[in-house]
Amino acid sequence: MGEIGDYVLLNPAEMAEADRLTAESGVSYARLMENAGTAVTEAILERYYQMPVLVLCGPGNNGGDGFVVARQLKEKGWPVHLVMHGDRAKLKREAAANADAWTGRIEAFNPDLVSDADMVIDALLGAGLDRDVDGELKTIIEAVNAARKTVVAVDVPSGVDGGTGAVRGAAIEATLTVTFFRKKPGHLLLPGREKAGEVIVADIGIREDVLGPIAGTLWENEPAHWQLPHADPAGHKYTRGHCVVVSGGPLQTGASRLAAEAALRSGAGLVSLAGHRDALMVHANHVTSIMLKEAPQWSALEQVLGQTKARSVVIGPAAGVGQATIENVSIIMQSGAAVVLDADALTSFADAPEELFRFIAFDPSRPVVMTPHTGEFARLFGEIEGSKVDVARIAAARSGAIVILKGSDTVIAAPDGRAFINSNAPAILGTAGSGDVLAGIVGGLLAQGMPGVQAAAAAVWIHGDAAQRFGMPGLISEDLPGILPEVLEGLV
Ligand SMILES: NC(=O)C1=CN([C@@H]2O[C@H](COP(=O)(O)OP(=O)(O)OC[C@H]3O[C@@H](n4cnc5c(N)ncnc54)[C@H](OP(=O)(O)O)[C@@H]3O)[C@@H](O)[C@H]2O)[C@@H](O)CC1
Ligand SMILES: Nc1ncnc2c1ncn2[C@@H]1O[C@H](COP(=O)(O)OP(=O)(O)O)[C@@H](O)[C@H]1O
Ligand SMILES: [K+]
């Protein structure tokens with residue numbers, strides 16, 4: 001397990017600052033560029049035998065890195081063709097110096113050069129991308145993608161915005177991307193993640209201590225960020241905490257049961273399902289260690305929360321959209337328990353999101369975690385401009401809740417601006433009820449007193465790891481709770 005700083009994600013402005021601070025400390029840009037090119041060359045030599053290669057260089061420092069790679073591969077005896085997009089005479093400083101050091105020809109683009117190569121090095125655009133690609137550049141990118149060669153991208157696949165993961169007009173589809181110092185958000189956010197292929201982070205001599213002044217607040221979600229609660233030998237089920245999950249009606253019990261099972265497997269000392277008697281009769285046919293508490297309406301739920309001393313409550317999975325859920329949420333929010341708001345608990349406030357945000361603000365000392373998928377998110381927050389990270393951060397600040405914005409690139413954002421991008425979830429998680437399991441894991445961790453942001457980030461990672469451990473098609477949500485012990489065992 002690495003240090004937290006290992007997983008910070010730097011946007012282009014922060015990366016430029018890292019370069020600048022390193023240069024101030026005496027490491028020249030020329031040295032950084034040489035190291036960057038060398039890192040790409042080494043990654044290629046470690047993975048591939050010699051083959052005909054086409055290096056595509058752009059008009060900036062990304063192109064400069066490309067000239068370094070071309071020179072080094074040629075020195076190793078590789079057959080290298082090099083195309084430059086842009087005006088050679090306009091190259092600046094280190095990029096110009098490396099173009100001067102290139103002893104081969106600089107050729108004009110022609111699709112045959114792509115067909116004749118077995119590998120393409122994409123050094124067209126990196127952190128300097130500031131507009132959509134079009135014209136000849138777009139033609140080159142499309143020709144490379146159509147040819148389906150091995151493609152090694154320098155820093156980011158050209159056309160992918162390193163800060164947001166957006167594709168600006170067109171983007172290279174890489175087999176391997178070698179980036180420098182730290183990953184960028186665009187390597188993890190869709191669609192950038194899909195374009196990048198395997199991502200390697202290379203040390204190019206940028207000083208670790210630059211991270212202090214940069215003070216990044218976005219990380220890849222990794223176990224280094226959180227500490228799971230451990231079972232205290234002197235503790236008992238009550239000290240481990242009680243999680244109450246609100247049930248749906250008799251024909252909608254499955255979702256809350258999945259959440260309850262996941263909460264118990266995540267280490268909550270006790271878990272209760274609360275709801276109408278009819279619904280509890282259905283649950284009774286399925287559950288054993290999970291308790292059943294009658295709570296036909298908000299006043300009974302209030303009593304259940306008091307009697308159980310609930311430390312966390314999960315509401316939303318198939319809870320029903322409407323007034324009854326709004327009233328239940330209102331009572332839960334006043335109980336002092338940590339809260340997970342999922343699915344119907346979010347949709348119930350589609351017409352009055354400010355009312356929900358007022359409930360959240362009622363007691364800022366207890367964590368509230370929201371787990372919307374993109375549809376639920378839009379119902380509550382409308383259309384927000386920006387990357388998935390921007391959008392989740394804005395929603396967290398607006399609502400006062402920790403927001404888990406789900407998807408294969410789930411973002412966890414806190415009201416204070418801290419955010420994490422999760423990268424371990426396999427596509428098989430897209431199965432009915434898997435979000436209910438996630439909500440239950442968050443509830444189970446909160447019941448044990450884990451701080452809200454940590455519980456949210458940990459739950460998302462644990463959920464992804466459980467699916468990875470299942471590791472084959474055919475995963476159904478019922479499988480997930482049973483895999484949690486193995487996941488948790490791997491984390492202690
Ligand atoms: N800094 C360092 O110390 C180190 C940096 N390193 C490397 O430098 C890279 C960043 O270099 P960079 O800043 O020169 O930007 P880069 O991505 O090459 O773009 C160049 C120019 O392209 C243009 N342009 C933009 N968008 C466009 C579009 N859509 N279509 C067409 N043109 C477009 C725009 O110029 P314009 O046309 O606006 O004049 C822009 O300025 C970084 O990714 C890493 O690989 C490493 O060597 C390690 C040390
Ligand atoms: N393609 C995917 N790759 C990885 N994770 C996914 C993918 N699709 C969905 N998921 C995850 O599966 C869960 C689905 O949750 P949700 O949409 O609420 O489903 P449900 O309501 O059926 O429980 C979320 O945690 C989401 O991040
Ligand atoms: K590139």
Side-chain angles (χ1 to χ4, degrees), residues 12 15-16 18-20 22-23 27-37 39-40 56-66 68 85-87 90-95 98 121-138 141 151-162 168-172 174 177-181 184 190 202 204-206 255 258-259 316-318 342-344 371-376 404-411 422-439 441 459-460 463-464 467 477 480:
M15 191 60 197
D19 290 338
R20 195 187 64 74
T22 301
V27 183
S28 67
Y29 278 122
R31 170 47 49 199
L32 291 178
M33 186 173 284
E34 186 68 19
N35 290 351
V40 177
L56 301 170
C57 293
N61 290 326
N62 197 252
D65 298 347
V68 175
H85 169 78
D87 186 349
K90 288 191 185 157
L91 284 176
K92 298 198 192 82
R93 296 178 297 274
E94 299 78 22
N98 280 302
I121 312 289
D122 159 34
L124 289 165
L125 293 170
L129 177 82
D130 59 5
R131 58 186 184 274
D132 284 2
V133 297
D134 56 13
E136 188 196 38
L137 199 51
K138 193 170 184 186
I141 289 172
V151 179
V152 179
V154 178
D155 197 11
V156 286
S158 297
V160 168
D161 184 320
R168 301 289 307 267
I172 287 283
T177 296
V178 182
T179 193
F180 312 122
F181 184 48
K184 315 299 172 318
L190 293 174
I204 59 166
I206 292 178
L258 282 170
D342 186 35
D344 292 352
T371 55
H373 57 54
T374 45
E376 288 152 357
I404 296 178
L405 180 49
K406 295 185 291 194
S408 83
D409 54 354
T410 293
V411 172
N422 195 66
S423 59
N424 75 343
I428 50 171
L429 266 181
T431 178
S434 116
D436 308 323
V437 172
L438 174 67
I441 301 172
V460 172
H463 189 236
S477 296
L480 290 168

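Both counts, for ligands and for their atoms, begin at 1 and track the order of listing. All residue numbers in this chain count up from 1 along the given sequence.
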TODO: Heavy-atom contacts with Met33 under 4.0 Å: which atoms of ligand 1 show up? List them by number with element.
DONE: 47 (O)
Task: Polar contact flag for Glu376 and ligand 2 (N/O pairs, less than 3.5 Å) - done: no
Task: Option nearest atom 18 (O) of ligand 1 (shortest heavy-atom distance, choices Val178, Asp87, Thr22, Asn62) - done: Asn62
Task: Top protein contact for atom 3 (N) of ligand 2, by heavy-atom distance - done: Ser408 CB, 3.0 Å
Open item on the list: Against ligand 2, does Ala343 come closer than 4.0 Å with any heavy atom?
Closed with: no
Task: Sub-3.5 Å N/O-N/O distance, Ser434 and ligand 2 - done: yes
Open item on the list: Using a distance threshold of 3.4 Å, state whether an N, O or S atom of Gly126 lies below it from the K ion (ligand 3).
Closed with: no
Open item on the list: Within 3.4 Å of the K ion (ligand 3), is there any N, O or S atom belonging to Asp155?
Closed with: no
TODO: Please calculate the O(Leu125)-the K ion (ligand 3)-O(Asp122) angle and round it to 10 degrees.
DONE: 150°
TODO: Number the atoms of ligand 2 from 1 as they appear, then name those within less than 4.0 Å of a heavy atom of Ala432, with their elements.
DONE: 22 (O)
TODO: Identify, by atom number and element, the atoms of ligand 2 in contact range of Ala427, meaning under 4.0 Å from any of its heavy atoms.
DONE: 1 (N), 2 (C), 3 (N)
TODO: Show which atoms of ligand 2 fall inside a sub-4.0 Å distance from at least one heavy-atom site of Gly433.
DONE: 20 (P), 22 (O), 23 (O)
TODO: Run the contact test for Arg131 against ligand 1 with a 4.0 Å cut-off on heavy atoms, strictly below, and give the result.
DONE: yes
- [ ] Could you tell me whether the K ion (ligand 3) has an N, O or S atom of Pro157 under 3.4 Å away?
- [x] no
Open item on the list: Below 3.4 Å, can you find an N, O or S atom of Ser158 next to the K ion (ligand 3)?
Closed with: yes
Task: Contact atoms of ligand 1, heavy-atom distance to Pro59 under 4.0 Å - done: 21 (C), 22 (O)
Open item on the list: Need the ligand 2 atom indices (1-based, order shown) with element for anything under 4.0 Å from a heavy-atom of His463.
Closed with: 25 (O)
Open item on the list: Is Gly58 close enough to the K ion (ligand 3) that one of its N, O or S atoms comes in under 3.4 Å?
Closed with: no
Open item on the list: If we only consider heavy atoms of Gly58, is any one of them less than 4.0 Å away from an atom in ligand 1?
Closed with: no
Task: Numbered atoms of ligand 2 (with element) below 4.0 Å of Asp436, judged on heavy atoms - done: 23 (O)
TODO: Might you check, step by step, whether the distance between atom 39 (O) of ligand 1 and some protein heavy atom is under 4.0 Å?
DONE: no
Open item on the list: Taking 4.0 angstrom as the limit and counting only heavy atoms of Pro426, give me the atoms of ligand 2 inside it, by number and element.
Closed with: 3 (N), 4 (C), 5 (N)
Task: Numbered atoms and elements of ligand 2 in range of Thr410, under 4.0 angstrom, heavy atoms - done: 27 (O)
Open item on the list: Going by side chain to side chain donor-acceptor pair (under 3.5 Å), name the residues that satisfy it together with Asp155, two or more places apart in sequence or in a different chain.
Closed with: Thr179
TODO: Any atoms of ligand 2 less than 4.0 Å from a non-hydrogen atom of Ala425? List them with their elements.
DONE: 3 (N), 4 (C), 5 (N)
